[in-house]
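Below: one structure, written as structure tokens.
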Protein chains: 2
Amino acid sequence: MKSIEKAVSALQLMVETGGELRVGDVSRHLKVNRSTASRLLASLAGGGLIEQDPLTQRYGAGILAVQLAAGFHRKFDIVEQAQREMEALARETQHTVWLGVLSGAEVVVLKTVRGSQPIQFAVEPGHRLPAHAAAMGKALLSLKPDPEIRSLFEGPLQATTKQTLHSIDALLQELSLTRLRGYAISDQELFDGVKAISIALTERHKGTSIAVSVSYPLFALADGNDQPIIDALLAFGRHFGARIGDARWTR
Amino acid sequence: MKSIEKAVSALQLMVETGGELRVGDVSRHLKVNRSTASRLLASLAGGGLIEQDPLTQRYGAGILAVQLAAGFHRKFDIVEQAQREMEALARETQHTVWLGVLSGAEVVVLKTVRGSQPIQFAVEPGHRLPAHAAAMGKALLSLKPDPEIRSLFEGPLQATTKQTLHSIDALLQELSLTRLRGYAISDQELFDGVKAISIALTERHKGTSIAVSVSYPLFALADGNDQPIIDALLAFGRHFGARIGDARWTR
DNA sequence: GAGTGTGTTGCGTATTGTGCAACATGTTGT
DNA sequence: ACAACATGTTGCACAATACGCAACACACTC
């Protein structure tokens, strides 16, 4: 069903370019004629999945997308339940708390709660991070068996800083360490000067997994001691894990 | 582009049925063969717009939908900005505060903040309400000229209570009254025993319009005097209207 | 006012989406 | 336990329809 696949590609493009698409963009990236791109977007807009700004003629997300997402959040209602406990964790650590899920080899950020410190690193919900570089990604990958992890990555791992792991073997080794340690670490592997720790939680009934992480800039840790943050995150894991029936955190 | 239109219809169906679809459902409602429905859903799932539960084989919203919705919320960032002031309004009135936008002849609920009273009427974000019966709907419709409103409705208006307006002419009359009054009222026209008042706000730069409403059960108003609620809502309109540059509320 | 970039229609052709059938699997009923 | 039914997923031939090519309309730029 190629036309539908093209339509979905256009939607992905819309996400990547940050929410606004022109007919020409779709035409170029999908390598189809402008006429085709025009009709494609018009069809999507007809049902409300996307909508065209009558002034700029640009296409953006529509209300149907919001409604669909609402259905997703119902499935992942842990996300809503986590809100208050994430706020408490942010208050306690004074740093940004993240929540994300795995999508292929990327982590999709579903929610962020900014800490109280003036300077905070955070992205908007919906953004994606490379799973092998983000703490949340490592935490979620560590739930999977090695062969499945291998199949997710093709070729060398893309690096965003000098610390980023660049081989799958190094990643697998790091993940086995993560399993033993109980939480994942990203030490400037995604952003320079930013460290993050993360744990993964699995809802017993639906089997859905999420990751929660705390990120903090190195300069904010005067003594370089991040044990308090780790303890706070692990405490969060025990509390929230018990609530959603996670097997690894409730024993 | 009929195949894409069918795909979008399937997504609408997914929203209406509450988030989970089976191949048979799509086959029946779109009146296509099961094979077609299967391939259609598989194509949508390929890009991550929807995803199939490997156990139940049911299709639900995917992560791409969440990312698209994030783009929508960026466009309507008034919604995020409104959060705190909505909470204040809910605290002050003790009743549920709603925020919604118009989509055709329906209002899509984007956010609700529940009041402090024990019993509260609220729906989840993403739900749709008939615009001619909801206070938010009337507030948003009152921004449009009569001919455009007529074109939105076809045939008699669907009634959900005995108070629901059932003719377009009656609706237009009510809307002209709404314009004079400055705020919209739904007196048990959507739910029995529930009243709601609403105002519409338009962001100056992007031209996007939202409605904010307060709903309250009749039995919660001992003396039947809802003037305090109206005053609180109008005060909200002046404060928030100024912030987003609404022309009608800032003069 | 010529020139460029853009989005949206007709129209003929070939790609591709369609129903039919068959198969695999899971569920119900007796 | 087996039959009967419902459901999801593949080949395959045929017809529907999505495609590119133009041409047009419109907005900007120089």
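Labels below follow one simple rule: chain letters A, B, ... track the order of the sequence lines, proteins then strands, and each chain is numbered from 1.
- To the nearest angstrom, P of C:dG17 lies 12 Å from CG of B:L44.
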Verdict with supporting geometry, A:V26 and A:Y59, side chain to side chain contact (heavy atoms under 4.5 Å, CB included): CA-CA 11 Å; A:V26 179; A:Y59 287 88; over 6 Å; no
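- OP1 and OP2 of C:dG17 both lie 4.0 Å or more from every side-chain N or O belonging to B:K6.
- Relative to the side chain of B:Q57, the nucleotides D:dG8, D:dC21, D:dT17 differ in distance, and D:dG8 lies closest.
- Considering only side-chain atoms of A:Q52, the nucleotide from C:dT8, D:dA18, D:dT9 that sits closest is C:dT8.
- Under a 3.5 Å cut-off, the side chain of B:Q12 and the backbone N or O of A:G47 do form a donor-acceptor pair.
- Under the 30°/60° scheme for interplanar angles, the aromatic rings of A:F153 and A:H132 are found to stand perpendicular.
- Across the protein-nucleic acid pair, A:L40 atom CG and D:dG20 atom P stand 11 Å apart, rounded to whole Å.
- B:E5 comes within contact range of no nucleotide atom at all, as no heavy-atom separation falls under 4.0 Å.
- Protein atom CG of A:L55 is 14 Å distant from nucleotide atom P of C:dG7, rounded to whole Å.
- Going from atom CE of A:M1 over to atom P of D:dG8 covers 16 Å, rounded to whole Å.
- Atom P of nucleotide D:dA27 and atom CZ of A:R58 are separated by 16 Å, given to the nearest angstrom.
- Rounded to an integer number of Å, the gap from A:K31 NZ to D:dC19 P is 16 Å.
- Residue contacts shown for B:R22 are limited to sugar-phosphate atoms, with no base heavy atom under 4.0 Å away.
- Between B:T36 and C:dG19 there is a side-chain N or O to OP1 or OP2 distance below 4.0 Å.
- Atoms CZ (B:R34) and C1' (C:dT18) sit 15 Å apart, rounded to a whole Å.
- What separates CG of A:N33 from P of D:dT17 is a distance of 21 Å, to the nearest Å.
- Mapping B:K2 and A:S38 onto DNA chain C by nearest heavy atom places A:S38 at the nucleotide closer to the 5' end.
- B:S35 comes within 4.0 angstrom of a nucleotide base, judged by non-hydrogen atoms across all strands.
- In this structure, a donor-acceptor pair under 3.5 Å is present between the side chains of B:S35 and B:N33.
- Between A:K111 and A:E124 there is no salt bridge, since no side-chain nitrogen of the basic residue lies less than 4.0 Å from a carboxylate oxygen of the acidic one.
- When the nucleotides C:dG17, D:dT9, C:dG10 are ranked by their closest atom to the side chain of A:R39, C:dG10 comes out on top.
- Between B:G24 and B:I4, it is B:G24 whose nearest contact on DNA chain D lies nearer the 5' terminus.
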